[in-house]
Amino acid sequence: MLTALHIQDIVLIDKVQLDLNEGMTALTGETGAGKSILLEALGLATGARPSRASVRKGAKQGSVTAVYEPMADHPVWAVLAENGLSSEDDQIILKRIQSKDGKTRGFINGEPVSVGLLRSIGQTVLEIHGQNEGQGFLSPAAHRGLLDDFAGLGKELGRLKDACEAWKSSAQELEERRSTRAAALRELDYLRHTAEELGTLDPQPGEETQLAEQRAMLMASEAVAEELRQINGVLDDDGAEDKLAATARRLGRVTSQYHGSQREAPSAQGTASDAPEGRPLLFELTDALERTLSNLMELRALATAANDQLSAAENALEATEERLFALRAAGRKHGCTPDKLVEIKERAETALQTATMQEDEFSNLEKKVSDLKEHALKAAKTVSASRHKTALQLDAQVAAELEPLKLGKAVFKTKIVSDETALSVSGIDLVEFMVATNPGAALGPLKTIASGGELSRFVLAMKAALAAKENRTVIIFDEVDAGVGGAVADAVGERLARLARDAQVLVVTHSPQVAARANTHWLVEKTSTDDTVSTKVHSLNADERIEEIARMLSGAKVTKEARAAALQLLHTPASAKQKAEAKPAKRARKAKSA
C-alpha cells in the first residue's frame with residue numbers, strides 16, 4: 001500500500017505530508033482547489049512525464065516522495081531484484097526531483113535511478129484511471145493477463161511456458177545446424193582442402209614457439225661445428241699422429257740400446273754406484289711420448305664424435321626450419337598466426353562433418369522439433385479453451401456491474417482471436433476488451449469507444465468483476481462518478497468500497513455518496529493571500545467529515561437538512577449537541593508538517 005506522500009514546491013503546494021491508511025480514501029474539495037495536483041505529483045513520483053510548470057513559482061526545484069509497503073509476494077520485489085535494488089525495511093521509497101528548467105532526477109530507496117526504471121516500478125504498484133486515460137488496465141497488451149488471472153490459469157500457463165521453451169530451444173538448434181550446414185555445403189571444396197591440408201600439416205598448440213627456440217639453438221651449434229672442423233684439420237695436419245708414432249718407435253730402440261750398454265759397461269769406466277740416481281730421463285721421455293700419442297688419439301676420437309654429433313644437429317636444423325617455415329606459410333595463407341591453425345583445422349573438420357551429416361540425423365531432429373511443437377500447441381489449445389470459456393463468465397459479470405452504473409444499455413465483450421501460427425509462451429490468443437455504448441452500435445476497443453465518464457465506469461465495472469487481481473498496490477480513480485448522482489453514485493461508491501477490500505483505493509470525487517463510503521477522507525482547499533495562492537490538504541475527523549459531505553450535498557450554504565442527509569450517508573447517528581445546535585463544526589485547518 002501507499003503509506004506516505006510528501007510533496008514540496010509542486011504547482012500550488014508548498015509543503016504537504018500525507019499519511020495514508022488501508023482501504024478507500026476520498027479526496028474532496030471545491031472545483032479548482034487542486035485535487036488534480038495531488039494526482040500529478042503522485043504520477044511524477046512514479047515516472048510520469050513532468051510539465052515544465054510543475055515547480056511552484058519562486059522555488060528552485062520541487063520534489064515528490066511516495067512510500068510504498070507492498071506485500072511480500074508482490075511482483076515489484078522481483079523488478080527491484082533484477083535491477084540490483086533492495087530494501088531493508090520492506091519499504092519502497094520513490095522520489096523525483098524536478099528543477100525549474102524541467103529536468104528531473106529519480107531515486108529508489110535513496111539510490112539514483114533512471115526515469116524509465118522509476119516508471120517501471122510505478123506501473124507495478126500504481127494504477128491511475130482518470131477522465132481521459134487508463135493506465136495499464138486499458139492497454140490491450142494487459143487484457144490477456146487480466147483474463148488469465150480471472151480464469152486462474154497459472155498452472156496451465158506454466159506448463160505451456162515449459163513446452164514452448166523446449167520447442168523453441170530444439171527449433172533454434174535445428175535452425176543453427178541448417179544454417180551451418182548450408183554455409184558448409186557452399187564452401188565444401190574449400191573446407192575439404194583446408195581439412196586435408198591442415199590435417200597433413202597437423203599443427204600443434206605452441207609449436208611455432210618451440211620450433212623457433214630449437215632453431216636458434218641449432219643455429220648456434222652450427223658455429224661450434226665449424227670450429228671443430230678447424231680443430232680436426234689441425235689434428236690431421238702433416239700426419240702428426242704418424243710422426244709421433246714413428247718417433248716413439250725410434251726412441252724405444254734408442255732407449256733399449258742405452259739400457260743394455262749400461263749393464264755391460266767395464267768397471268774401469270765407473271761402477272753402478274756412479275750412475276745417476278733414479279730412472280734415467282730417456283725412459284721418462286719415452287713414457288711422455290707414448291702418453292702424448294695416446295692423448296692425441298683420444299683427442300682425435302672425441303673431435304670426430306663431436307663433429308658427427310653436430311653434423312646430425314645440422315640435419316635437425318634443416319628439418320626444424322622446414323617445419324617452422326611450413327607452419328608460418330600456412331598461417332599467412334589462412335590469415336592468422338601459426339598458433340591459430342589448430343583452431344582453424346578443428347573448425348574446418350567440424351564444418352566438413354556437419355556438411356556431410358547424414359540426412360536421417362536432420363530428419364530425427366526435425367521430428368523432435370515437430371513433436372515438441374505439437375505438444376506446445378496442445379497445451380496452448382487447452383489454455384485457449386479455458387480463455388474462451390472464462391471470457392463468457394467475465395462478460396456476464398461485467399454486464400451485471402454495468403446496470404447499476406447507468407451503463408445498462410452498453411455491451412461488454414471479451415474478444416479472442418486465435419492463431420496457431422502465433423504460438424508462444426502466452427499461447428495462440430490475442431485478447432482485447434470491446435464495448436458498445438449504444439444499442440445496435442458496433443463493438444470497438446474500450447479505450448476509443450467510451451467517453452471520459454463512461455470510461456472510468458467501465459473500468460470500475462471490470463475492476464469489480466476482476467476483484468483487483470492484477471496485484472496493484474494502489475488504484476486511483478479521478479472523478480469516476482462524473483455526470484452521475486443519486487443511486488448511480490451510490491453504486492459507484494459501493495463498488496469502490498468493494499475494491500478497497502483487496503487493494504488500496506484513492507478516489508477524487510464530487511459525489512457525497514462516494515465520499516461517504518471511504519474509510520479516510522481528505523479535504524483539499526486553496527488558500528490565498530495578497531501575493532500567494534497555495535493548496536492545503538488535511539485529513540477530516542468525524543465532525544469535519546459530516547460538514548464536508550453536507551457541503552457537497554447542499555452547496556455553499558450548509559443546512560440542517562444537509563447535515564442530516566450527511567449523517568444518513570455516513571450511517572453515523574447525530575450527537576446530542578449536533579441535534580441541539582445543528583451548527584457547523586469547527587474545522588482544523590492546519591496541515592500536517594512534512
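Quick caveat: nothing in here was measured; it's all calculated off a predicted structure.
Shortest non-hydrogen contact noted between V558 and A550 is CG1-CB, 3.5 Å. Nearest heavy-atom pair, A380 versus G427, reported as atom, atom and distance to 0.1 Å: CB-CA, 4.1 Å. The minimum heavy-atom distance linking L372 with S170 is given by the pair CD1-OG, 3.1 Å. Of all heavy-atom pairs spanning H388 and S418, the tightest one is CE1-OG, 3.4 Å. Looking at every heavy atom in both residues, L94 comes nearest to A45 through CB-O, 3.6 Å. Of all non-hydrogen atoms in A515 and A26, the two that sit nearest each other are CA-CB, 3.9 Å.
Here the straight-line distance linking atom CG of L160 with atom OG of S426 works out to 7.5 Å at 0.5 Å rounding. With rounding to the nearest 0.5 Å, the separation of CD1 in I428 from CZ in R387 is 8.5 Å. Rounding to the nearest 0.5 angstrom, the gap separating the CD1 atom in I93 from the CD atom in E69 is 9.5 Å. To the nearest 0.5 angstrom, M434 atom CE is 11.5 Å from D395 atom CG. Rounding to the nearest 0.5 angstrom, the gap separating the CG atom in L27 from the CG atom in L18 is 8.0 Å. Summarising the geometry, atom CG belonging to N519 is positioned 11.5 Å from atom CZ belonging to R517; distances are rounded to the nearest 0.5 Å.
Using a cut-off of 4.0 Å between Lys/Arg side-chain N and Asp/Glu carboxylate O, E525 and K35 are scored as not salt-bridged. By the 4.0 Å N-to-carboxylate-O rule, K536 lies close enough to D14 to be salt-bridged with it. A salt bridge links E494 with R498: the distance from a Lys NZ or Arg NE/NH1/NH2 to an Asp or Glu carboxylate oxygen falls below 4.0 Å. Salt-bridge annotation for R144 and D429: absent, with no side-chain N of the basic residue lying under 4.0 Å from a carboxylate O of the acidic one.
Here the side chains of V64 and I10 are in contact, with some heavy-atom distance below 4.5 Å. A 4.5 Å side-chain heavy-atom check between Q17 and D19 finds at least one atom pair inside the cut-off. Residues N21 and T3 are not in side-chain contact: their nearest non-hydrogen atoms beyond the backbone lie 4.5 Å or more apart. Counting heavy atoms from C-beta on, the side chains of I475 and L506 never come closer than 4.5 Å. At a threshold of 4.5 Å between non-hydrogen side-chain atoms, the residues K381 and V383 do not count as touching. Contact of the F412 side chain with the M462 side chain is registered, since non-hydrogen atoms from C-beta on lie closer than 4.5 Å. Looking at heavy atoms from C-beta onward, I92 lies in side-chain contact with P70 at the 4.5 angstrom threshold. A heavy-atom distance below 4.5 Å is found between the side chains of H74 and T124.
Side-chain contact of E432 with H143: a donor-acceptor pair under 3.5 Å is absent, judged by distance alone. For the residue pair S54/E40, the side-chain donor-acceptor check at 3.5 Å is satisfied. Side-chain contact of E548 with T28: a donor-acceptor pair under 3.5 Å is present, judged by distance alone. T527 and S534 share a side-chain donor-acceptor pair at under 3.5 Å.
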Exercise for the section: For side-chain contact (heavy atoms from CB on, under 4.5 Å), just list the numbers for D419 and L430, CA-CA rounded to whole Å, side-chain angles, deciding distance to a tenth of an Å, and then say yes or no. Expected result: CA-CA 8 Å; D419 181 4; L430 294 176; over 6 Å; no

Problem - Step-by-step side-chain contact (heavy atoms from CB on, under 4.5 Å) determination, K526 to E30 - result: CA-CA 8 Å; K526 184 186 292 184; E30 297 285 359; over 6 Å; no

Handout entry: Derivation of the side-chain contact (heavy atoms from CB on, under 4.5 Å) call for L117 and L85
Key = CA-CA 11 Å; L117 179 56; L85 298 171; 3.9 Å; yes

Practice task
Report the C-alpha separation of Y68 and T46 in whole Å, then their side-chain angles, then the decisive distance to 0.1 Å, and conclude whether the side-chain contact (heavy atoms from CB on, under 4.5 Å) test is met.
Solution key: CA-CA 11 Å; Y68 291 88; T46 51; 3.7 Å; yes

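Side-chain atoms of N541 come within 3.5 Å of backbone atoms of E544 as a donor-acceptor pair (strictly under, hydrogens ignored). Panel note: side chain H521, backbone R545; no donor-acceptor pair is recorded below 3.5 Å. Judged purely by atom type and a 3.5 angstrom limit, W167 has no side-chain atom pairing as donor or acceptor with the backbone of S370. Although no hydrogens or angles enter the test, the distance criterion places a donor-acceptor pair under 3.5 Å between the side chain of T390 and the main chain of S386. No donor-acceptor pair closer than 3.5 Å links the side chain of R56 to the backbone N or O of D9. Put simply, the side chain of T382 gets close to the backbone of K378: a donor and an acceptor are under 3.5 Å apart. Side chain of R495 to backbone of A491: a donor-acceptor contact under 3.5 angstrom is found.
Around atom NE2 of H510, more than 12 heavy atoms belonging to other residues, nucleotides or ligands sit under 6.0 Å away. Summarising the local packing, CD of E165 is surrounded by more than 12 heavy atoms from other residues, nucleotides or ligands at distances under 6.0 Å.
Screening R96, Q98, R49 for a side-chain hydrogen bond (donor to acceptor under 3.5 Å, both in side chains) with T104, the sole residue that qualifies is R96.
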